[in-house]
Amino acid sequence: QVQLMESGGGSVQAGESLTVVCRASGYSGSPGPIAWFRQRPGKQREGVAAIDTDGSTSFVQSVRGRFTISHDATKYTVTLVMNNLKPEDTAMYYCAAAPSWIILRHPPDWNTFKFWGQGILVTVSA
C-alpha cells in the first residue's frame, strides 16, 4: 500500500515563500506521478501541481510562475516550493500519488491520483 507523508507548511505573510515536502513509500516498483492538491476554506479540493517520474510537470493556472515542483533522484520525495504566496493560497495541502503505470497527462487527469497523505496546513496572512 502506497503511503505518503507531508512535512513543512506553516504560516507566512503575503509575498513570502514556503516549502512542503512529500515522501512516498510502499510502491512495489517505480513510483507513479505525484501531485499536490489543496482545499481552501469553503472550496472543493483542487489539483495544484504534479510531476511525473520523467520530470515533466503541470501546474494549475493560479500558481503557474509562482510554484515549482521537483523530485529527488529516487523519485520518492517531491518538493513543492511556493513563492510569492498570497492570502488566497491559504489551504490544507495534500500530497497524492498515482499508480506506477499512470503517465501524467497535460493537463493532468486529477482523478488518477488514488493515494493520499493526511494534509498539511499553509496559512498566508495579508
Side-chain angles (χ1 to χ4, degrees):
Q1 179 72 7
V2 175
Q3 295 182 323
L4 302 166
M5 179 172 294
E6 301 108 335
S7 61
S11 297
V12 296
Q13 293 191 326
E16 295 183 341
S17 299
L18 206 59
T19 297
V20 289
V21 179
C22 174
R23 292 180 174 82
S25 62
Y27 278 101
S28 59
S30 300
I34 293 177
W36 283 94
F37 288 70
R38 68 184 180 188
Q39 187 162 19
R40 295 181 280 183
K43 303 285 188 180
Q44 289 190 329
R45 190 162 56 188
E46 62 174 344
V48 174
I51 185 168
D52 207 346
T53 53
D54 66 356
S56 62
T57 59
S58 280
F59 298 90
V60 69
Q61 180 62 38
S62 60
V63 307
R64 200 168 293 153
R66 299 190 296 123
F67 290 12
T68 63
I69 188 170
S70 61
H71 55 59
D72 69 353
T74 69
K75 319 291 177 65
Y76 283 93
T77 298
V78 171
T79 300
L80 182 71
V81 178
M82 302 177 286
N83 297 313
N84 190 21
L85 281 161
K86 304 176 181 180
E88 53 264 40
D89 294 316
T90 294
M92 282 292 291
Y93 282 74
Y94 298 89
C95 178
S100 57
W101 60 83
I102 294 294
I103 296 174
L104 184 67
R105 297 182 179 181
H106 304 280
D109 179 354
W110 300 108
N111 293 317
T112 59
F113 293 91
K114 304 296 186 184
F115 310 106
W116 293 87
Q118 294 297 310
I120 196 163
L121 183 62
V122 171
T123 303
V124 185
S125 56

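Numbering of residues begins at 1 and proceeds along the displayed sequence.
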Could you please spell out the steps behind the side-chain contact (heavy atoms from CB on, under 4.5 Å) verdict for I34 and C95? CA-CA 7 Å; I34 293 177; C95 178; 3.7 Å; yes
Minimal heavy-atom distance between A126 and A14, with the atoms involved, is CA-CB, 4.3 Å
Considering all heavy atoms, the nearest S17-N84 contact: OG-N, 4.2 Å
Going by salt bridge (Lys or Arg N to Asp or Glu O under 4.0 Å), name the pairs with one or both residues in residues 31-42, residues two or more places apart or in two chains. R38-E46, R38-D89, R40-E46
Quick check: is V20 connected to V60 through a chain of hydrophobic side chains (ILVMFWY, heavy atoms under 4.5 Å apart)? yes
K75 (side chain) donor-acceptor with T53 (main chain) under 3.5 angstrom: yes
Is Y76 reachable from I69 through a run of hydrophobic residues whose side-chain heavy atoms are each under 4.5 Å from the next? no
So which atom in A49 and which in F59 form the shortest heavy-atom distance, rounded to 0.1 Å? CB-CD2, 3.5 Å
Under 3.5 Å donor-acceptor, D72 side chain and T74 backbone: yes
For H71 and I51 the tightest heavy-atom approach is CD2-CD1, 3.2 Å
Please step through side-chain contact (heavy atoms from CB on, under 4.5 Å) for the pair L104 and F113, ending with a clear verdict. CA-CA 10 Å; L104 184 67; F113 293 91; 4.0 Å; yes
Just wondering, more than 12 heavy atoms not from L121 lying within 6.0 Å of its CG? yes
From S25 OG over to Q1 CD, what is the distance, rounded to the nearest 0.5 angstrom? 10.0 Å
Rounded to the nearest 0.5 Å, what's the gap from CG on D109 to CD1 on I102? Could you check? 8.0 Å
Where do A35 and A50 come nearest, in terms of heavy atoms and distance? CB-CB, 3.7 Å
Please check if V63 and L18 belong to a single hydrophobic cluster, counting links between Ile, Leu, Val, Met, Phe, Trp and Tyr side chain heavy atoms closer than 4.5 Å. yes
Would you please classify the geometry between the Y93 ring and the F67 ring as parallel, tilted or perpendicular, with 30° and 60° separating the classes? tilted
Going by salt bridge (Lys or Arg N to Asp or Glu O under 4.0 Å), name the pairs with one or both residues in residues 6-27, residues two or more places apart or in two chains. none
Could you list all the side-chain hydrogen bond (donor to acceptor under 3.5 Å, both in side chains) pairs where at least one residue sits in residues 110-123, not counting sequence neighbours? none
Mind checking the CD1-CE spacing from I120 to M5? Nearest 0.5 Å is all I need. 10.5 Å
Are V21 and Y27 connected in a single hydrophobic cluster, I mean Ile/Leu/Val/Met/Phe/Trp/Tyr linked by side-chain heavy atoms less than 4.5 Å apart? no
Same cluster (ILVMFWY, side-chain, under 4.5 Å), M82 and V12: yes
